[in-house]
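Down below is the structure, laid out as structure tokens.
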Amino acid sequence: MFDPITLQALLTCFGLDPLDWHCVGFGTGLINTTWVLKDRNGTIKYILQKVNRQVFKQPEDIAHNLRVVGDHLAKRHPDYLFVRPVPALDGEAFVRSEEGEYYRLFPFIGGSRTLDVVHKPEQAFEAARSFARFSHLLADLDPALLRDTLPHFHDLSRRYRAFEEALDNAPAILKAGAVAEIGTLKSHAGYVSDLEALKRSPDFPLRVMHHDTKISNILFDRQDKALCVIDLDTVMPGYFISDVGDMMRTYLSPASEEAQDLDSVHVRPEYFRAIVAGYLSGMEGGLTPLERGQFLFAGRFMIYMQALRFLTDFLEGDVYYGARYPGHNLLRAKNQIRLLESFNAAEGVFRGMLEALLPVGA
Ligand code: GN1
Ligand code: MG
């Protein structure tokens, strides 16, 4: 939590009178720290966030991307709801504390709510359509104008190399506890070269992608209609499979990546259909034929990469995600491996759904 002096100074820098605001912790993200600011009536008006400097080495790059994307959308699609940061009194997107921490403020969208779990396929459809629409409306923005806020974030080859290095350096006792998981992830290493092959094709374009499409990054209204996408720190050039795949990773199972009962982790095919249908709807025909053929690979790629990341972190001593109990990241990796197995076992059902959703010949 904040010490009161820091909070007072921060609010003042954003032009807010500290006496008018009550600050409360908020949200479930693993990376940044988030609070809400309530006014004297207890109404939430702002979101205050501290950027994780271990992860985002250049917060200015985030501000740059939000400016470029925000300006583009404001010019081309003025009705599109895009939540920009509230500038500080000096005009900057961040306030830097004495300790070198970066804080920023967002307006809170009244009447909105976030979901932590997807309960209905319609919510998956809405979210998928929103993330697709976001990329689609930015299809005429050159991705090269954006900076990589997290260089190599979804670069599976690098993630695999990091996993191999962690294996080389990890204490034997950690490796001994993860023999089966290490073997499983090695056995799927073919996904790494599959992705490299896709990336070489001109029909697999770089696009402006969100890169963190979990359900809590959509604001919904009370009727479960999506209002807008939020958490834009990882908006940068990427491939459509990142966004679609992360939706599959996080919406298909009724149990989250934190679930310890692995038998509760399994895919729900009707949510797969909803994600694909929603994505195609938001893209309005904007995917290339090669991309349209990659919905299955999208899910595999993202679930596999997350399993690799959790297992790598376990082997490296929980330096990235942290751990609330010993073996937490190993369990998260087991959870994601279980999800990958369930996903692959449902391939036949998914293929049937894709045939029905994709135009013939696509
Ligand atoms: C991190 O903090 P959060 O939940 O938004 C991570 C994602 C992972 C996710 C797994 C910058 O996101 O890539 O998929 O945890 N973000 C970063 O829970 O590493
Ligand atoms: Mg995030």
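This chain uses plain numbering: 1 for the first residue, then up along the sequence. Order of listing sets the numbers, starting from 1, for every ligand and every atom in it.
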So is there a nitrogen or oxygen of V55 less than 3.5 Å from a nitrogen or oxygen in ligand 1? no

D148: what forms a salt bridge (Lys or Arg N to Asp or Glu O under 4.0 Å) with it, not counting sequence neighbours? none

Carboxylate-amine/guanidinium proximity below 4.0 Å for E164 and R161: no

Give the atoms of ligand 1, by number and element, whose distance to some non-hydrogen atom of L150 is under 4.0 Å. 11 (C)

Ring centre gap for F163 and Y160 strictly below 6.0 Å: yes

Judging by distance only, is a nitrogen or oxygen of R249 under 3.5 angstrom from one on ligand 1? yes

Using distance alone, determine whether T234 and ligand 1 share an N or O pair under 3.5 Å. no

Sub-3.5 Å N/O-N/O distance, D246 and ligand 1: no

Note: N32, heavy atoms under 4.0 Å from ligand 1, region reported as neither

Decide if atom CD of E99 counts as having more than 12 heavy atoms of other residues, nucleotides or ligands within a radius under 6.0 Å. yes

Is the distance between the ring centroids of Y191 and Y304 under 6.0 Å? yes

So if I count the atoms of ligand 1 from 1 in the order they appear, which ones are less than 4.0 Å from some heavy atom of K214? 3 (P), 4 (O), 5 (O), 12 (O)

Please could you name the atoms of ligand 1 that Y321 approaches to less than 4.0 Å, counting only its heavy atoms? 8 (C), 15 (O)

R324: which residues meet the salt bridge (Lys or Arg N to Asp or Glu O under 4.0 Å) condition with it, sequence neighbours left out? E258

Could you list the atoms of ligand 1 found under 4.0 angstrom from a heavy atom of D212? 5 (O)

Just go through E257, M305, R309 and tell me whose heavy atom is the nearest to atom 6 (C) of ligand 1. R309

If the cut-off is 4.0 Å to any non-hydrogen atom of Y320, which atoms of ligand 1 fall inside it? 11 (C), 17 (C), 19 (O)

Among D231, D233, N52, find the one that has a side chain to side chain donor-acceptor pair (under 3.5 Å) with N32. D233

Taking heavy atoms and a distance under 4.0 Å, where does N217 meet ligand 1: side chain, backbone, both or neither? neither

Within less than 4.0 angstrom of ligand 1, does H211 place any heavy atom? no

If we only count heavy atoms from C-beta on, is the F204 to Q294 side-chain gap below 4.5 Å? yes

Taking the six-membered ring where the residue is Trp, are the ring centres of F14 and Y103 under 6.0 Å apart? no

